[in-house]
Structures are given as C-alpha cells and as structure tokens.
2 protein chains.
Amino acid sequence: MELQHLISKMQSGDRRALSRCISLVENSTSDALEILKQIHIRSDVPVIGITGPPGAGKSTLANALIASLKEFKPGCRIAVLAVDPTSPFTQGAILGDRVRMSDHFNDPDVYIRSLATRGVLGGLSARTLEITDVLKSAGFDFILVETVGVGQSEIEIAALADVTLVVLVPEAGDEIQTLKSGVMEIADIFVVNKADREGADIFEKNLRNMLHEKPGTSKAVPVFATIATRHEGLKELLAAVADYFHPEKIQKDLLRQRALQILMHQLWNSVDTAPFLKQFEQARQQPGFNLYRFADQWLKTRGGV
Amino acid sequence: MELQHLISKMQSGDRRALSRCISLVENSTSDALEILKQIHIRSDVPVIGITGPPGAGKSTLANALIASLKEFKPGCRIAVLAVDPTSPFTQGAILGDRVRMSDHFNDPDVYIRSLATRGVLGGLSARTLEITDVLKSAGFDFILVETVGVGQSEIEIAALADVTLVVLVPEAGDEIQTLKSGVMEIADIFVVNKADREGADIFEKNLRNMLHEKPGTSKAVPVFATIATRHEGLKELLAAVADYFHPEKIQKDLLRQRALQILMHQLWNSVDTAPFLKQFEQARQQPGFNLYRFADQWLKTRGGV
C-alpha cells in the first residue's frame, strides 16, 4: 500500500492501517520517519501512564479505568499500549494482559496493543514515544500506557505521560522503604490497589506520611485506594486524573524532555553502525585499544572532516 | 589537580582520585571523555551483574559474594557499583545499601559506590558503562554492579556485565509468570535467595521447570538456592559465577552492544541541545507544528549543509 494512502486511512480511524503504521514505526523501517513527519499529531490527547511493580494489578486497573473513561466521555475512543520487554517468554505475559483487559477486547472503540522493548539500544523510550504520537493522530480521545517495572522504564513513562499513576499493593511497611528510591518521585497520583487486602489501611497511612516528607513540594501527591477487580474507588481516581486533561497543564519541562528524546532517536537512527562495528572488530584486537578514543575518532572522521 | 596527575593517581590505586574521576565521568564534565580516552581499561576484569526485584536481597547477596570472592582469590580488590534512580528520596535507600554491605564498608580492598540514575536522557546505561570502565583501569580484580528493578535497567545490566545473576525470592507461583516477561531472558544464573522461606522448594522447582521450556537453548540456565544473610549456598554459586571469569567467554555480541552504546553516548554528548530547545520553544507554538519534521530539519542544517 502506498504510504500516503496508509497514513490517511490510519488518520481516518482504520484499525488495520493503524496496526500497520505502528509496526512500521516499531520496527524502525525506512518508512517510520516519513510516517511521523507526515501525520497530524494532536496535542490535546491526554496520555495516562500506569506503572508499578509486577503483580500490583496495573492491567486490571487499566481495564477498570477504560470503563470509567467511557462513562466520563460517552462514545470516546481509547488506545492502550502495554509495554513488555522483548522475550521468547513474552507470549504468556502478553496473553495474560489481554485476558485481564478482556472486558474491552472486542470493543471497537478500544484499541489494545502490546509492545516489546528491544534491548539496550532501543528500549521503552526508543519507540513508545513515537508510537504514542501515531496514536495521537489516529482519532483517540485517551491513551493509556502501561509498563511494568521499577527503574528506568518508569522514568521514561513519566516523560511520556501527561499524568503518571503509580500502582502499589499493600505490603509490609518495609516495602515502602525500598520503593522510595524507585518510583516515588515520578508519581502524579498514587493508587493503592487491592485495598481489601489485610494491612491496606496501614500501608496507605504509611504512604501518606512518607509523602509528607517529600522535600521541596508544597502539595502532597494524592493517594487513592482502589479494588480494580470490582471497579471500586475508580470514580474518585478518575476525577483526579481528569484534572490533568488540559493541554495547558502539561509541563514545559516535559515537552522539552520529549523533544530531546525524539532528537536523540533521530540522531542515532542517522548513524550507519555497520562500518563502525566492522572497524571495531579489527581495532579491538590491537594492544592498548581504547574504545573511547576509537569512537571519538570514528565520529570525527565519519563526515570526511 | 591536573587531569593527567589525577588519572595516574587513580590508576595506581588512590581511592580519592578514583572517587574524583568517577564523579567527573558521572556528571559528564568536559573532562569525562578525556579521562576515558586516556585510561588503560583492562579487558580481563570480570563484571558481575546482580539484579532482581526490590526486596530480593541483592545487597545482602553482594555482601556475601564479596566475602566469597576474598576467599576465592586472597588479597583481591573488589569494586561495587550500586545503581539507584535519582531522587530526593534516595538518601535512605543508599544508606540502606551501605548498612547491608557493612561487613566490607571499612575494608581497604573493597570500594563501594552508589550511583544515581539521571532521568530520561542519562539513565543507567548513560554512565554506568563508562564508570565500570574507569573501575577496570583502577586495579580492581572484580566489579559487582547491583541494580534494582524489573525492566529496562536489567536489559542494560546484561550488556554491562559479563555474568548476570537474577535474584528472586520464593513467592507464590503466580509471581513467576509475571517475572517471565521481565528478567528471564537476561539471566546467566538464577539465585533463589531467602531459601529458608516457606515455599522455597516449590518455587525453585517451578522455576527450573519453566526454564526447561525456554526455547532455542540447549542448556538450561542454572538455579542456585542461597540464604545470603547466613552465607549459605555461596560456595556453589561462586563456582558457577567463576566459570565466566575468562575474557574468551565474553560474547562477541556483548562487546558490540557495549561499543554501540558508547558510540551513542559520545554522539549524543557532541550535540549542543540549547539552541535546539530554544528554536523548539518558538516553533511549537505554530499551527501544524510537527516535532519529527522539525528535528529532522534541525539535524540536517546544524552542520551548515
């Protein structure tokens, strides 16, 4: 199919065209940049990030949130990106997500897509940002991005999402201490899910107390208790999330961070690494080889300077 | 201090000079590349990566592993890099790590350093790889890199480490399913820590069964049970780890991945982003603004072509 035709079909709401566009961008084909340059990326589509440790119920919460958004804005169209690390094992996990989001799996207004991350040089950030922009051009009213993990991927989701929900489950108080160093600073909203579990009240209280300690902030990060499987607590949560549904609320820093990330991706994509690797293989055998000198030299001479 | 002098002090084992060099590299100062280009990076220093979810006992295992390494090679010098996300909250976590590694905190042959990760554009990978290379030039016999999380940071540690240990704790079998999609494919060795916990045997058995399912491998990933607090199971674990202590065992792919990562960092560091951001601020206000077109154009004209 001609690219121009594919893009206009995608922008008019065709699902197959959308899936094809996403695959082209995900796989960094030569068409990827062309698609991204040609689409009309709406700046007023809220991106809701959902993150937290494995087993916190992120997919179930996404599922419940979809139902709430459909009540909030009848007739709306919602896209869900679920990001999983690349793996021969992912099949199971991806199917698992789909099962948990099954309420909406056959809903024509809900588009669910699993993404694999691609190792060191093309992780979460390398494509998720671009694919989110594709979704912003495809007529969706809301985009949910769900990612597993504690660490780098959260920091990346914070740059991607206009509002970031960190989902936690009630555990021993000790667990909060560990999480402190990971996800605390990127949360716009905390969700204590599985709030019917034993110790939930104490966990929520400890969390709130800890948040009061956060230095340099005038306002504490809000905490909501939910039981996502029963859709409990979703109304209150959505009201807080909806507070972020205004383009003027998006921080300037966030826009700059995204812009830099795109710039970095495009810069890196412009490098033909094959000749570098070939020369590297030869050079590294030599005594006294230093990769930093080698890379520096290669970058300097690449352009024929 | 003059840079050349600092480097030679660092390479002769001076700790303060080492800490200073690491800080210069960590903070991407103008001296960073100069240091990296000038040092002699030994290619025969094994890097042991330790990763896994929060609370698995990674620091305690690192602590026990240090003791075992000191028996394995008397008089050896060991460096430990503990990677934590940047945070106003990290103080607690960093101190926590130090407490758990306190057996070796005053040992002149053990150097412990906590690193913060630096947001989207300079996460784990951006500096840890370079700092590990600094350590390789500073006379250490072994380098341990410990990182928290499930997600991107593990994939990065796998590229950094010559042998990657994934530490898990016995939990409900369901938990294995979740972990599947995250850390399974990067493990060279699994460690089931806190093996005295209830359900440990079953967890270990489930894990082994699952590993048999891993497609495309002729050899199953080994699983070791430990009780790191009591140093139990360390001897067997170290024997398996030591199998990787030979430069010829390092995979070619790994070396290429590291080389590409360094190339990407140097390429990105060579870009002056300030004028880009300034132009971006103006351009994004215009109707029909497309970041991809803008970045593409900026990169093309930057060199005056």
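Naming convention: chains lettered A, B, ... in sequence-line order (proteins, then strands); numbering from 1 in each chain.
- Residues A:Tyr292 and B:Lys37 approach most closely at C-CG, 3.8 Å, considering heavy atoms.
- Using a 4.5 Å heavy-atom cut-off against chain B, the contacting residues of residues 269-276 of chain A are A:Val271, A:Thr273, A:Phe276.
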How far apart are the C-alpha atoms of B:Trp298 and A:Gln266, what are their side-chain angles, what is the distance that settles it, and do they pass the side chain to side chain contact (heavy atoms under 4.5 Å, CB included) test?
CA-CA 11 Å; B:Trp298 193 81; A:Gln266 287 194 21; over 6 Å; no

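- Taking CZ of B:Arg258 as the reference point, atom CZ of A:Phe280 lies at 9.0 Å (rounded to 0.5 Å).
- Both the backbone and the side chain of B:Leu36 come within contact range of chain A, each with at least one heavy atom under 4.5 Å from a heavy atom of that chain.
- Atom CE of A:Met264 and atom CG of B:Leu299 lie 12.0 Å apart (nearest 0.5 Å).
- Interface summary for chain A: among B:Leu33, B:Asp296, B:Asp133, the most heavy-atom pairs under 4.5 angstrom belong to B:Asp296.
- If you take NE2 on A:His265 and CH2 on B:Trp268, they are separated by 9.0 Å, rounding to the nearest 0.5 Å.
- Taking CZ of B:Arg284 as the start and CZ of A:Arg256 as the end, the distance is 8.5 Å to the nearest 0.5 Å.
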Step by step, would you call B:Leu263 with A:Phe294 a side chain to side chain contact (heavy atoms under 4.5 Å, CB included)?
CA-CA 9 Å; B:Leu263 183 72; A:Phe294 175 76; over 6 Å; no

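- Residue contact with chain B, scored on non-hydrogen atoms closer than 4.5 Å, involves the backbone and the side chain of A:Leu267 alike.
- Rounding to the nearest 0.5 Å places CD1 of A:Ile41 at 8.5 Å from CZ of B:Arg293.
- Heavy atoms of A:Asn290 lying under 4.5 Å from chain B belong exclusively to its side chain.
- Judged as a side-chain hydrogen bond (donor to acceptor under 3.5 Å, both in side chains), and not counting sequence neighbours, the contacts of A:Gln38 are A:Gln4, A:Glu34.
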